[in-house]
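A short write-up of the structure that comes next.
Just so it is clear, the values below take in all heavy atoms, side chains as well, and ignore hydrogens, waters and symmetry mates. Letters go in sequence order (proteins before strands), and every chain restarts at 1. The structure presented is a predicted model; accordingly, all values stated were derived computationally and were not measured.
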2 protein chains.
Amino acid sequence: MRHARLPASEEIALEDVFHALSDPFRLEVVRRLATEGEQSCQALEGDRPKSSVSHHFRVLREAGLIRTRNEGVTRMNALRRDDIEQRFPGLLACVVPQPKE
Amino acid sequence: MRHARLPASEEIALEDVFHALSDPFRLEVVRRLATEGEQSCQALEGDRPKSSVSHHFRVLREAGLIRTRNEGVTRMNALRRDDIEQRFPGLLACVVPQPKE
DNA sequence: GCCAAAGTTCGAAAAATATCGAACTATCGA
DNA sequence: TCGATAGTTCGATATTTTTCGAACTTTGGC
């Protein structure tokens with residue numbers, strides 16, 4: 001993999017996180033990763049072209065919200081739950097529909 | 001921006017809040033309103049021209065983060081702390097340096 | 001009434017983002 | 001090795017935001 005630009009937990013910037021989450025598509029992606037666990041890109045693309053989906057995943061990745069790993073021919077995207085929680089405690093809880101406890 | 005001038009608490013949209021907070025100047029304004037209480041616009045303007053400051057306060061207002069009232073010839077801006085807390089519990093705590101309690 | 005102070009609005013220009021097709025890359029399976 | 005699948009990258013265009021000066025509004029003081 002060539003472009004792995006993945007900020008370390010301490011490097012995650014609040015402005016970047018907010019910017020990433022200010023787009024409805026990206027916000028929905030984060031919510032689904034949170035509730036459904038890791039997903040391929042195409043599992044979350046709506047009717048968008050691949051290049052647009054790829055762009056949004058990149059924004060999420062560079063903001064530090066998700067991590068991507070290869071699995072065969074697909075790439076699985078996972079929310080960096082612990083890293084985000086450690087850096088900005090409580091933030092994810094505002095974003096994600098609360099699971100019953 | 002999606003909302004009219006001063007959204008009611010229930011109308012505050014998370015995307016709008018995130019967008020408003022994704023700008024460093026606006027994030028800093030929110031932090032200062034949180035720690036120092038209500039302020040006039042000019043108390044928070046840096047070296048920016050008035051029209052730019054006014055623009056940023058408008059974004060914050062339309063996102064539902066602040067409320068503005070007239071006081072003589074100045075306008076005082078206050079964080080809508082309770083409204084935000086009610087709508088998105090815990091969000092402000094991520095943004096604002098925690099006061100010692 | 002006139003003036004100054006504090007913001008707002010307008011309009012144009014600059015900068016940042018988003019969108020989308022086409023070409024490219026990497027991996028798997030036959 | 002060939003073909004298909006899943007994404008990425010590139011480049012060009014479109015849309016959205018930001019910036020800033022100038023003109024305007026509102027309020028208070030004289």
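- When side chains are defined from C-beta on, B:L33 does not count as touching B:R81, because their heavy atoms never get closer than 4.5 Å.
- Residue side chain B:S54 does not reach the base of C:dG7 through any donor-acceptor N/O pair under 3.5 Å, judged by distance alone.
- Among the atoms of the strands shown, base atoms are found under 4.0 Å from some heavy atom of B:H55.
- Remark on DNA chain D: of its neighbouring residues B:S22 and A:A43, the 5'-side contact belongs to A:A43, judged by nearest-heavy-atom nucleotide.
- When distances are taken from the side chain of A:R26 to each of D:dG7, C:dA26, C:dA18, the shortest belongs to C:dA18.
- In this structure, A:R58 does not reach the D:dG7 phosphate: none of its side-chain N or O atoms is under 4.0 Å from OP1 or OP2.
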Point to revise | side-chain contact (heavy atoms from CB on, under 4.5 Å) evaluation trace for A:V59 with A:R26 | key: CA-CA 9 Å; A:V59 172; A:R26 293 191 296 252; 3.7 Å; yes
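- D:dT8 atom P lies 7 Å from atom CG of A:N77, rounded to whole Å.
- A straight line from CE of A:M76 to P of C:dT27 spans 17 Å, rounded to a whole angstrom.
- Salt-bridge check for B:E38 with B:R69: passed, with a basic side-chain N closer than 4.0 Å to an acidic carboxylate O.
- Rounded to whole Å, the distance from CZ on B:F25 to C1' on C:dA15 is 18 Å.
- Look at NZ on A:K50: it is 15 Å from P on C:dA26, rounded to the nearest Å.
- Remark on DNA chain C: of its neighbouring residues A:H56 and A:G72, the 5'-side contact belongs to A:H56, judged by nearest-heavy-atom nucleotide.
- If you check the side chains of A:R75 and A:S40, you find no donor sitting under 3.5 Å from an acceptor.
- Rounded to whole Å, the distance from CZ on B:F57 to P on D:dT18 is 14 Å.
- Protein atom CZ of A:R69 is 15 Å distant from nucleotide atom C1' of C:dT27, rounded to whole Å.
- In this structure, of C:dC10, C:dA18, C:dA6, it is C:dC10 that holds the atom nearest to the side chain of B:S51.
- Rounded to whole angstrom, the span from the CZ atom of B:R48 across to the P atom of C:dA6 amounts to 19 Å.
- The side chain of A:R75 contributes no N or O atom lying less than 4.0 Å from OP1 or OP2 of C:dT27.
- Among the nucleotides D:dT18, D:dG7, C:dT17, the one closest to the side chain of B:V59 is D:dT18.
- Using cut-offs of 30° and 60° on the angle between ring planes, the pair A:F18 and B:F18 is parallel.
- For B:P49, the side-chain atoms get nearest to D:dC20 when compared with the rest of D:dC20, D:dT27, C:dT27.
- Side-chain nitrogen and oxygen atoms of B:R61 include at least one within less than 4.0 Å of the OP1 or OP2 phosphate oxygen of C:dT8.
- Put simply, CD on B:E45 is 14 Å from P on D:dT19, counting in whole angstrom units.
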